[in-house]
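Data first, discussion second: the structure below is written as structure tokens.
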Amino acid sequence: MSHVDIAMATYNGESYIEEQILSIINQTYSSWTLYISDDASTDKTLDIINKYEKIDPRIKLINTERQGGVVNNFNCALSATRANYVLLADQDDYWNHDRVEKLFSYISARDTFDKPLMVFSDLEIVDDKLVMISESFYKSNYIDPLKNLNPVQLLWKCSVYGCTTILNRRLLDKCLPIPAGITMHDNWLALNAATENGLEYLDVRTIRYRQHSNNVVGGGNKGFIKKLLSLNKNVVKMIKYRGSINTLLDEAKNIPSNDILQGVDIKGKESVGFAFKEIFPAIFFQSKKAYSILIFIIFMVKR
């Protein structure tokens, strides 16, 4: 049985982390090591992790110092891994018992060992008690996951969730360390896989994604107007996000194998052209119309 690694980033996750660790321990695929980086939690998270580290030698707490956010925290956890295949884990999800087995079987059968490879899956949305809210994240939100295979779309609209993924060592060698100032770690990984046709979708649900007061990804179905008004409250946040998109593209262009991005320009007057070519059609022909409208406006005014 080939060995896989799991990278988990934690911070003040005492409410749900024990259930998550148990769901990993109870996997049908048993040859794994779980590397946990904790971002200086102030609750009982570390007590829970230490408890299971003593019980199961496959669990290793590799950091307890402040990293400064989820991207840096995952960068720390991923940097500790050594296996050819690595899965990402959030602290508050619950893994289906055959998650590792399914994802490993899929990626190992497709890995040609000559390019970066990342596989992402669907996820079931549940409440804080693990009661199902929606059977499929993508279907309930009317999102076509295959749109993520286009690296240009990943620059401004990524629906690849790291907690559903498995990736090969070649992708990690390409992506680490994760640069500062980008959008998110999973966006960075997905983009660098997609630029070499190495991003694939497995149409199964491999985790239960828990919605609670600190972590909501849109499992419910709000009306269009309500979504738009809600997004408008986050204009300042979106303007900051626009800067992160610039950094994401700049950093990706610095990698020689990402030549497909060399002709993409989203700064200055080119931002307007990009908005009309790539974002404007999505307002009419893709899901998440409120988001598309807002990001279109941001690209028009923030260059």
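Side chains included, hydrogens not; waters and symmetry mates left out as well; all remaining heavy atoms used.
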Problem set entry | Heavy-atom pair with the smallest gap, counting every atom of Phe299 and Phe274 | CE2-CD2, 3.6 Å

For this session: Could you tell me which residues satisfy side chain to side chain contact (heavy atoms under 4.5 Å, CB included) with Lys240, sequence neighbours excluded, listed by chain and number?
Result: none

Problem set entry | Any residue meeting salt bridge (Lys or Arg N to Asp or Glu O under 4.0 Å) with Glu270, in chain and number order, not counting sequence neighbours | none

For this session: Would you name the heavy atoms of Asn192 and Thr195 that are closest together and state the gap between them?
Result: O-OG1, 3.2 Å

Exercise. What pairs meet the ring pair (Phe, Tyr, Trp, His ring centres under 6.0 Å) rule with one or both residues in residues 164-197, with sequence neighbours excluded?
Worked result: Phe74-His185

Problem set entry | Value rounded to 0.5 Å, distance of CG in Leu34 from CD1 in Ile59 | 5.5 Å

Exercise. Does a donor on one side chain and an acceptor on the other come within less than 3.5 Å for Glu18 and Gln91?
Worked result: no

For this session: Fit a plane to each ring of Phe284 and Phe280, take the angle between them on a 0 to 90° scale, and name the class: parallel (under 30°), tilted (30 to 60°) or perpendicular (over 60°).
Result: perpendicular

Exercise. Got a sec, which pairs hit ring pair (Phe, Tyr, Trp, His ring centres under 6.0 Å) with one end in residues 91-111, sequence neighbours left out?
Worked result: Tyr29-Phe104, Tyr85-Phe104

For this session: Mind checking side-chain hydrogen bond (donor to acceptor under 3.5 Å, both in side chains) for Thr10 and listing every partner two or more places apart, or none if nothing turns up?
Result: Asp38

For this session: Apply side-chain contact (heavy atoms from CB on, under 4.5 Å) to Leu88 and Thr164, showing your working.
Result: CA-CA 7 Å; Leu88 274 64; Thr164 74; over 6 Å; no

For this session: Hey, could you give me the CD1/CD1 distance between Ile17 and Ile21, rounded to the nearest 0.5 Å?
Result: 4.5 Å

Exercise. Between Thr64 and Leu61, which heavy-atom pair has the shortest distance, and what is it?
Worked result: CG2-CD2, 3.7 Å

For this session: Calculate, to the nearest 0.5 Å, the distance between atoms CD and CG belonging to Glu124 and Leu130 respectively.
Result: 9.0 Å

For this session: Run the numbers on Asn12 and Thr42 for side-chain contact (heavy atoms from CB on, under 4.5 Å), then give the verdict.
Result: CA-CA 6 Å; Asn12 287 353; Thr42 57; 3.4 Å; yes

Problem set entry | Residue list, side-chain hydrogen bond (donor to acceptor under 3.5 Å, both in side chains) with Thr183, at least two apart or on another chain | Asn187

Exercise. What are the two closest heavy atoms between Ser37 and Ile62, and how far apart are they?
Worked result: CB-CD1, 4.0 Å

Exercise. Which atom names give the shortest non-hydrogen contact between Met238 and Leu294, and what distance separates them?
Worked result: CG-CD2, 3.7 Å

Problem set entry | Intermediate values then yes/no, side-chain contact (heavy atoms from CB on, under 4.5 Å), Asp122 and Tyr161 | CA-CA 9 Å; Asp122 201 353; Tyr161 289 90; over 6 Å; no

Problem set entry | Side-chain H-bond candidate by donor/acceptor type, Arg58 with Ser31, under 3.5 Å | no

Exercise. Nearest heavy-atom pair of Leu199 and Ala190: which atoms, and what distance?
Worked result: CD2-O, 4.1 Å

Seminar exercise, completed: Those residues at least two apart in sequence (or on a different chain) that pass side chain to side chain contact (heavy atoms under 4.5 Å, CB included) with Leu146 are Asp144, Leu149, Tyr201

Problem set entry | For Lys253, salt bridge (Lys or Arg N to Asp or Glu O under 4.0 Å) partners two or more places apart | none

For this session: Step through it carefully: locate the ring centre of Tyr138, locate the ring centre of Tyr142, and say whether they are under 6.0 Å apart.
Result: no

For this session: Name all residues meeting the salt bridge (Lys or Arg N to Asp or Glu O under 4.0 Å) criterion together with Arg66; count only those two or more places apart in sequence or in a different chain, and write none if there are none.
Result: Asp39

Exercise. Has Glu65 got more than 12 heavy atoms of other residues, nucleotides or ligands less than 6.0 Å from its CD?
Worked result: no

For this session: Please determine if Glu19 and Arg210 form a salt bridge, counting it only when a charged side-chain N lies under 4.0 Å from a carboxylate O.
Result: yes

Exercise. Residues two or more places apart in sequence or in another chain: which of them pass side-chain hydrogen bond (donor to acceptor under 3.5 Å, both in side chains) with Asp250?
Worked result: Lys267

Exercise. For residues 248-270, which residue pairs qualify under ring pair (Phe, Tyr, Trp, His ring centres under 6.0 Å), counting only residues two or more places apart or in two chains?
Worked result: none

For this session: Could you list all the salt bridge (charged side-chain N to carboxylate O under 4.0 Å, His left out) pairs where at least one residue sits in residues 195-209, not counting sequence neighbours?
Result: Arg110-Glu200, Glu135-Arg205, Lys174-Glu196

Exercise. Name the one of Asp111, Asp5, Thr81 that satisfies side chain to side chain donor-acceptor pair (under 3.5 Å) with Arg169?
Worked result: Thr81

Problem set entry | side chain to side chain donor-acceptor pair (under 3.5 Å) between Thr33 and Arg82, worked out | CA-CA 10 Å; Thr33 299; Arg82 295 293 179 268; over 6 Å; no

Problem set entry | Heavy atoms of other groups near Lys115 NZ, more than 12 under 6.0 Å | yes

For this session: Decide side-chain contact (heavy atoms from CB on, under 4.5 Å) for Val4 and Val86; before the verdict, give the C-alpha distance in whole Å, the side-chain angles of both, and the deciding distance to 0.1 Å.
Result: CA-CA 6 Å; Val4 301; Val86 178; over 6 Å; no

Exercise. Side chains of Ser159 and Asn148: is there a donor and an acceptor less than 3.5 Å apart?
Worked result: yes

